[in-house]
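One structure is given below, encoded as structure tokens.
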Amino acid sequence: GQQLNQSPQSMFIQEGEDVSMNCTSSSIFNTWLWYKQEPGEGPVLLIALYKAGELTSNGRLTAQFGITRKDSFLNISASIPSDVGIYFCAGPSGTYKYIFGTGTRLKVLA
Amino acid sequence: GAVVSQHPSRVICKSGTSVKIECRSLDFQATTMFWYRQFPKQSLMLMATSNEGSKATYEQGVEKDKFLINHASLTLSTLTVTSAHPEDSSFYICSASKTSVQETQYFGPGTRLLVL
């Protein structure tokens, strides 16, 4: 079945550093979503991508829809402590459904 | 906006009892709602898709008689965990889509279930 692998699994960075993470799929997607989940909370939508090659920003976050349509990237610039959490990518999996990636855990050291 | 609420946020119950979790879309009508389960340090796993006025569609391996889903209105879906056992302890999260066309999902804050 479909799988979404995220890399890296976890990362510890210093406050102020930039962060890059990616998500790869075993099949082609026409939509990519990026979510952030904080401990004990539901995921919150960060960015939605609908077109191959699309580059979309939301404040310090920038996400790109890969040209191959099998990958997507999320960058966070000038990280701050509140960026801590788990970042999930998601893509369509059948009618109306989404499959979620394995997640990237981010910890920011002040 | 697109706000989804869940109730309760936490529940502890004895083994063998049933637990009902509510998911509400507060400022929009949700044709489709989804129920996920998340174990510690793992990703979200879709359990079932709930459409208003029709039977839920369960993912492979999810027992429909154990996890009863009712989507009685365009703003409310409920998940009932029947005869709960310790292995059912998990974080249950619902999400909702605004229309029947595939669209971004908005998540509730989750419900932590602990079965003793």
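Any value given below was found using the heavy atoms of this structure, including those in side chains, with hydrogens, waters and symmetry copies removed. Order of the sequence lines sets the chain letters (A, B, ...), proteins ahead of strands, with each chain counted from 1.
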*asked:* So for atom CZ, which belongs to A:Arg60, do other residues, nucleotides or ligands contribute more than 12 heavy atoms lying within a distance under 6.0 Å?
replied: yes
*Name, in order of residue number, those residues of residues 69-93 of chain B that have a heavy atom at a distance of less than 4.5 Å from a heavy atom in chain A; otherwise write 'none'.*
B:Phe91, B:Ile93
*Taking all heavy atoms of B:Gln42 and all of A:Phe88, pick out the closest pair and write down the distance.*
O-CZ, 4.1 Å
*Consider only side-chain heavy atoms of I, L, V, M, F, W and Y, link residues closer than 4.5 Å, and tell whether A:Val19 and A:Phe73 are in one cluster.*
no
*Group every Ile, Leu, Val, Met, Phe, Trp and Tyr by side-chain heavy-atom contacts under 4.5 Å, then state whether B:Met45 and A:Tyr35 land in the same group.*
no
_Same apolar cluster (I L V M F W Y, side chains within < 4.5 Å links), B:Val19/B:Trp35_ = yes
*In residues 41-48 of chain A, which residues are in contact with chain B at a heavy-atom separation under 4.5 Å?*
A:Glu41, A:Gly42, A:Pro43, A:Leu45, A:Ala48
*Answer yes or no: are there more than 12 heavy-atom neighbours, outside A:Glu15 itself, under 6.0 Å from its atom CD?*
yes
*Under a 4.5 Å heavy-atom cutoff, which of B:Pro109, B:Ala2, B:Gly108 has the most pairs with chain A?*
B:Pro109
_Looking at A:Met11, I'd like to know if its CE atom is crowded, meaning that more than 12 non-hydrogen atoms belonging to other residues, nucleotides or ligands lie closer than 6.0 Å._
yes
*asked:* Using every non-hydrogen atom in the two residues, find where B:Lys41 and A:Arg105 come nearest and quote the distance to one decimal.
replied: CA-NH2, 2.8 Å
*Measure across B:Ser43 and A:Gly101 and return the closest heavy-atom pair with its distance rounded to 0.1 Å.*
OG-O, 2.5 Å
*asked:* How long is the straight-line distance from OG of B:Ser95 back to NZ of A:Lys97, given to the nearest 0.5 Å?
replied: 12.5 Å
*Does B:Tyr36 have its ring centroid less than 6.0 Å away from the ring centroid of A:Phe100?*
yes
*Connected via hydrophobic side-chain network under 4.5 Å: A:Val84 and A:Met21*: yes
*asked:* Is any side-chain heavy atom of A:Tyr98 closer than 4.5 Å to one of B:Phe34?
replied: no
_Contacting moiety of B:Leu44, where chain A heavy atoms sit under 4.5 Å_ = both
*Pick one of side chain, backbone, both or neither for A:Gln37, based on which atoms fall under 4.5 Å of a heavy atom in chain B.*
side chain
*If Ile, Leu, Val, Met, Phe, Trp and Tyr residues are connected whenever their side-chain heavy atoms lie under 4.5 Å apart, and connections chain through other members, are A:Phe29 and A:Tyr87 in the same group?*
yes
